[in-house]
Undergrad: 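Handing you a structure now.
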Protein chains: 2
Amino acid sequence: MSNETIKLLLVDDHHMFMDGIYAILKDISHIDIVGTANNGNQALKIAKSSALDLLITDIEMPEMDGIQLSKSIKKTLPNIKVIVVSSHSNVQTIDKLRKLQIDGYLLKNTGKIELLNAINKVYKGEKYFSEEILRVYNQSLFGTNKAEKEKVKLSPRELEVLKCIVQEQNTQEIAESLNISVNTVDTHRKNLMRKIGAKNVVGLTKYAIQQGIIA
Amino acid sequence: MSNETIKLLLVDDHHMFMDGIYAILKDISHIDIVGTANNGNQALKIAKSSALDLLITDIEMPEMDGIQLSKSIKKTLPNIKVIVVSSHSNVQTIDKLRKLQIDGYLLKNTGKIELLNAINKVYKGEKYFSEEILRVYNQSLFGTNKAEKEKVKLSPRELEVLKCIVQEQNTQEIAESLNISVNTVDTHRKNLMRKIGAKNVVGLTKYAIQQGIIA
DNA sequence: TCATACATCACCCAAAAGGGTGATATTGGC
DNA sequence: GCCAATATCACCCTTTTGGGTGATGTATGA
């Protein structure tokens, strides 16, 4: 088992970062980097046409991000292991990836040794998560604000309204944007505040930015 | 000149990333990585005790960030060239660094070749900025919102009020927090909106978060 | 000294936000 | 079929925001 070569695909739009991982791994005899991709779409194509064992992907990427990519991979090519690497750790992201049965989650501040360790473990079928990730996730179970404790589920329409709010539109303008009544927008805004636990639109704005809803 | 060795210090709290740059540069004969640091304070100590030519630093770091580090370096050790590397590019950051007479600014999605190119140019005394950085900066000169065009100067009191607003306090609460009249808080809020070019408190919130005023 | 920015406050007024309740129609899951 | 969530709208009411104007004292710098 450990004599086999691990066929690996790197996915990250940060060339410098990818060059870095590449440089770290290229001298490891049992690891074979079969390709690199700058975004999820590209990665999917390569994954479908190659005999991959493992995929290492960033989360923040243009076109198709790491979460969507992971979802696609796990659905269509469940034999490929997936390790996610990101600069930041927030509870919602960790939770999403956990549900997708991701195999590993590393922060970009983890070192060479931990990276190799993670790759080997995941290849053998184990899971690997950075300590920081586990800490953040466990802490979240005792989180202070509503948005952290109970994962907030916003409906598609609520998300649309939220996006408009963050664009500094007032209720009247949002109603026109979405072709609905002012009263309806009012209702959505109030429901958003209740769900998110915000006191006013400022709270909604902060939530949206933290969740990357506006990006 | 080009036969000399470039003595270089890497500063980044992302170990994996640093390992990456390290791996890229370690085989380059005329580059000597004299050390690595995880934060600005550590970097300053090393810089003071070594004969450095060039420092490559991330912006986002704990304790002392890349901007503070650059400021200290340029003040106390002006002979050391500084290249900043970051994942993101926003106008305010670019502008701050420009004023600090930084020598280079790269995004993390720049490749190996560009990195080497930048190091060589900067070592020779030239400046090097990623295309993306130049694009963002030039665009900002014709930016849409006031906050980008003219750098906004907020008075200390206005900053206090802004912080309270971002904490989801309403005018009444802010007045109590700062022991002033509700009318005065109103005035400050209105002046903030005028200066920043925001349509409402949502705009103020976004500005505050972008500027890191709440961090 | 004069101008400017700052911090403070007041008043008027319109528009918007927020809090509560209730109603209807549609949908998807169990 | 029933239940829950969603999306839609209406009406009540109070509080808050936002826009405009003007006034006063203080401090600072040209």
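Every chain is numbered from 1, with letters handed out A, B, ... down the list of sequences. Because the structure is predicted, anything quoted here is derived from the model rather than measured.
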Undergrad: Between the protein and nucleotides 4-7 of chain D, which nitrogen or oxygen pairs come in under 3.5 angstrom?
TA:
| unit_1 | atom_1 | unit_2 | atom_2 | d |
| --- | --- | --- | --- | --- |
| D/dA7 | OP1 | A/R157 | N | 3.2 |
| D/dA7 | OP2 | A/S155 | OG | 2.2 |

Undergrad: Specify the separation, in whole Å, of atom CD of A/E168 and atom P of C/dA16.
TA: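 Result: 15 Å.
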Undergrad: Could you tell me how far apart A/I196 (CD1) and C/dG18 (P) are, to the nearest whole angstrom?
TA: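 It works out to 12 Å between those atoms.
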Undergrad: Within the 4.0 Å limit for protein heavy atoms, which parts of nucleotides 15-26 of chain D are touched? Write it as a string from 5' to 3', B for base, S for sugar-phosphate only, - for none.
TA: -SSBBB------
Undergrad: Could you report the tightest heavy-atom contact between A/S177 and A/Q169, atom names first, then the distance?
TA: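 Scanning both residues completely, I find the closest heavy atoms to be OG-OE1, 2.8 Å.
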Undergrad: Could you walk me through whether A/E158 and A/R189 pass the salt bridge (Lys or Arg N to Asp or Glu O under 4.0 Å) test, one step at a time?
TA: CA-CA 8 Å; A/E158 284 166 350; A/R189 186 178 7 83; over 6 Å; no
Undergrad: To 10°, what angle do the rotation axes through the five end pairs on each side of the helix from C/dT1-D/dA30 to C/dC30-D/dG1 form?
TA: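 The angle separating the two end axes equals 60°.
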Undergrad: How far apart are the closest heavy atoms of A/S130 and A/L106, and which atoms are they?
TA: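 Taking every non-hydrogen atom into account, OG-CA, 3.4 Å.
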Undergrad: In Å, rounded to the nearest 0.5 Å, how long is the span from CD1 of B/I165 to CD1 of B/I174?
TA: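 These two atoms lie 4.5 Å from each other.
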Undergrad: I'd like to know if the side chain of A/S50 reaches the main chain of A/A47, judged simply by a donor and an acceptor atom lying under 3.5 Å from each other, with no hydrogens or angles considered.
TA: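 No, the answer is negative, given that no donor and acceptor are paired below the 3.5 Å cut-off.
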Undergrad: Specify the closest pair of heavy atoms between B/Q42 and B/N38, including all atoms of both residues, with the distance to one decimal.
TA: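 Taking B/Q42 first and B/N38 second, the nearest heavy atoms are OE1-N, 3.3 Å.
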Undergrad: Using the test salt bridge (Lys or Arg N to Asp or Glu O under 4.0 Å), find all partners of B/K199 that sit at least two apart in sequence or belong to another chain.
TA: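 Once residues adjacent in sequence are excluded, the partners of B/K199 under the salt bridge (Lys or Arg N to Asp or Glu O under 4.0 Å) criterion are A/E173.
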Undergrad: Hey, does the side chain of B/N183 come within less than 4.0 Å of C/dC9's phosphate (OP1/OP2), counting only N and O?
TA: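 So the side chain of B/N183 is outside the cut-off, no N or O lying under 4.0 Å from OP1 or OP2 of C/dC9.
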Undergrad: If the test is side chain to side chain contact (heavy atoms under 4.5 Å, CB included), which one of B/I83, B/I59, B/V82 qualifies with B/Y105?
TA: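 Of B/I83, B/I59, B/V82, side chain to side chain contact (heavy atoms under 4.5 Å, CB included) with B/Y105 is met by B/I59 alone.
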Undergrad: So that I can tick it off, tell me whether A/K163 and A/E160 are bridged by a salt bridge, with the cut-off set at under 4.0 angstrom between side-chain N and carboxylate O.
TA: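 A salt bridge is absent here (no side-chain N lies under 4.0 Å from a carboxylate O).
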Undergrad: The criterion is salt bridge (Lys or Arg N to Asp or Glu O under 4.0 Å); which residues satisfy it with A/D53, sequence neighbours excluded?
TA: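 Expected list: A/K7.
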Undergrad: Not counting sequence neighbours, which residues clear side chain to side chain donor-acceptor pair (under 3.5 Å) with B/S181? List them please.
TA: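 By the side chain to side chain donor-acceptor pair (under 3.5 Å) rule, B/S181 matches B/N183.
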Undergrad: Check the distance between C/dA15's P and A/I174's CD1 and give it to me in whole angstrom.
TA: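 That distance rounds to 18 Å.
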Undergrad: How many Å lie between CG on B/N191 and P on C/dT4, as a whole number?
TA: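 From B/N191 CG to C/dT4 P: 17 Å.
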